[in-house]
Enquirer: 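Below: one structure in structure tokens.
Computed from a prediction, not measured in an experiment: that's the story for all the values here. Proteins get letters first, then strands, A, B, ... in listed order; numbering begins at 1 in each.
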There are 2 protein chains.
Amino acid sequence: MRKRPYVCGLDAALDVIDGKWKVLIIWALNHQRCRFGELRRLVPGISEKVLVQQLRELEADGIVHREIYDVVPPKVEYSLTGLGGELNTALGPLGAWGKRRMAVLEEAGRHG
Amino acid sequence: MRKRPYVCGLDAALDVIDGKWKVLIIWALNHQRCRFGELRRLVPGISEKVLVQQLRELEADGIVHREIYDVVPPKVEYSLTGLGGELNTALGPLGAWGKRRMAVLEEAGRHG
DNA sequence: GTAAGTACGCACTTTTTTGTGCGTACTTGC
DNA sequence: GCAAGTACGCACAAAAAAGTGCGTACTTAC
């Protein structure tokens, strides 16, 4: 979407992940579909502007589904698509690697 | 190193990956240990400043090993550490996911 | 009637990241 | 003697990303 053509699959994957908060958003949506306001509370520290922005990008990339209910006050629900779920799964090993690294860092921190 | 504390393992992993060229560097080093100049040629488009910078960060994070030979002209060789190799492996599923996405995009491009 | 919540949009600033162009001290090849 | 290669360092510029503050049109709660 932003930097095509990609040189490899990893490149293509990292492009949709790119953004300070995207993995947190994906992670939150993997647990539950939710509304804009809920999501903002689930991702503490994010600004509304950036949340909208990153949701739009994730939607354009087919990771997130946006459902609008024509009611007042407005209601919109976000959820992961199938592709989004697969992405989340593909991130698993990376998360496990990072967890081991965190443990190592913590050990080093205790002795340093 | 840069944004600790991490909220989860994925956060910790993405932090060491963070940088426009880091995965390309890791990928190149996974195939062969190489010198600075070689690496620059293997990663076309990167500036020398940024290559040095990202190598230093990867070294500080324990992903890359830097070996200096005290000869003239200077010779330095970069290679992946064990941790770096594991990281590369952990990136596998993500790369596979991205590859599928690329195929889908290409299909869509042909019809759009 | 006033504040708060709904899901954003828009203009602007700040921060972060990346790129550009130059210099080093030395050797080899022409 | 002059260019090119070695592996960088440094000052600065450009670009990209994120954050800030304010406004919308409407409703419910107090």
Enquirer: 5'-most contact on DNA chain D: Glu38(B) or Gly19(A), nearest heavy atom basis?
Expert: Glu38(B)
Enquirer: When you measure from the side-chain N and O atoms of Arg66(B) to the phosphate of dA7(D), is any distance below 4.0 Å, counting only OP1 and OP2?
Expert: no
Enquirer: Give the rounded distance in Å between these two atoms: CG of Leu39(A) and P of dC8(C).
Expert: 10 Å
Enquirer: For Val50(A) and for Lys49(B), locate the closest nucleotide of DNA chain D by heavy-atom distance; then report the residue assigned to the nucleotide nearer the 5' terminus.
Expert: Lys49(B)
Enquirer: By the 4.0 Å heavy-atom rule, please label Tyr78(B) as base, sugar-phosphate, or nothing.
Expert: sugar-phosphate
Enquirer: Rounded off to whole Å, could you give me the CD1-to-C1' distance for the Ile46(B) and dC8(D) pair?
Expert: 14 Å
Enquirer: Taking only N and O in the side chain of Arg35(B), is any of them less than 4.0 Å away from OP1 or OP2 of dA7(D)?
Expert: yes
Enquirer: Let me know the distance between CD of Glu77(A) and P of dC8(C), rounded to the nearest Å.
Expert: 12 Å
Enquirer: Measure from the side chain of Gln54(A), starting at C-beta and using heavy atoms only, and say which of dT18(C), dC26(C), dA18(D) lies closest.
Expert: dA18(D)
Enquirer: So does Gln53(B) get a side-chain nitrogen or oxygen closer than 4.0 Å to the phosphate oxygens (OP1/OP2) of dG9(D)?
Expert: no
Enquirer: Nearest to the side chain of Val72(B), heavy atoms from C-beta on, is which of dT20(D), dT27(C), dT18(C)?
Expert: dT27(C)
Enquirer: When you measure from the side chain of Lys22(B) to the backbone N and O of Asp18(B), does any donor-acceptor pair fall under 3.5 Å?
Expert: yes
Enquirer: dG9(D), OP1 or OP2 - any side-chain N/O from Arg56(B) closer than 4.0 Å?
Expert: yes
Enquirer: Could you tell me whether the phosphate oxygens of dG19(C), OP1 or OP2, come under 4.0 Å of any side-chain nitrogen or oxygen in Lys20(B)?
Expert: yes
Enquirer: In whole angstroms, how far is the P atom of dC10(D) from the CG atom of Leu51(B)?
Expert: 17 Å
Enquirer: Given atom CD of Glu48(B) and atom C1' of dG23(C), what is their separation to the nearest angstrom?
Expert: 12 Å
Enquirer: Do the charged groups of Glu38(B) and Arg41(B) touch, with an N to O distance under 4.0 Å?
Expert: no
Enquirer: Any side-chain N or O of Arg40(B) less than 4.0 Å from the OP1 or OP2 oxygen of dG5(D)?
Expert: no
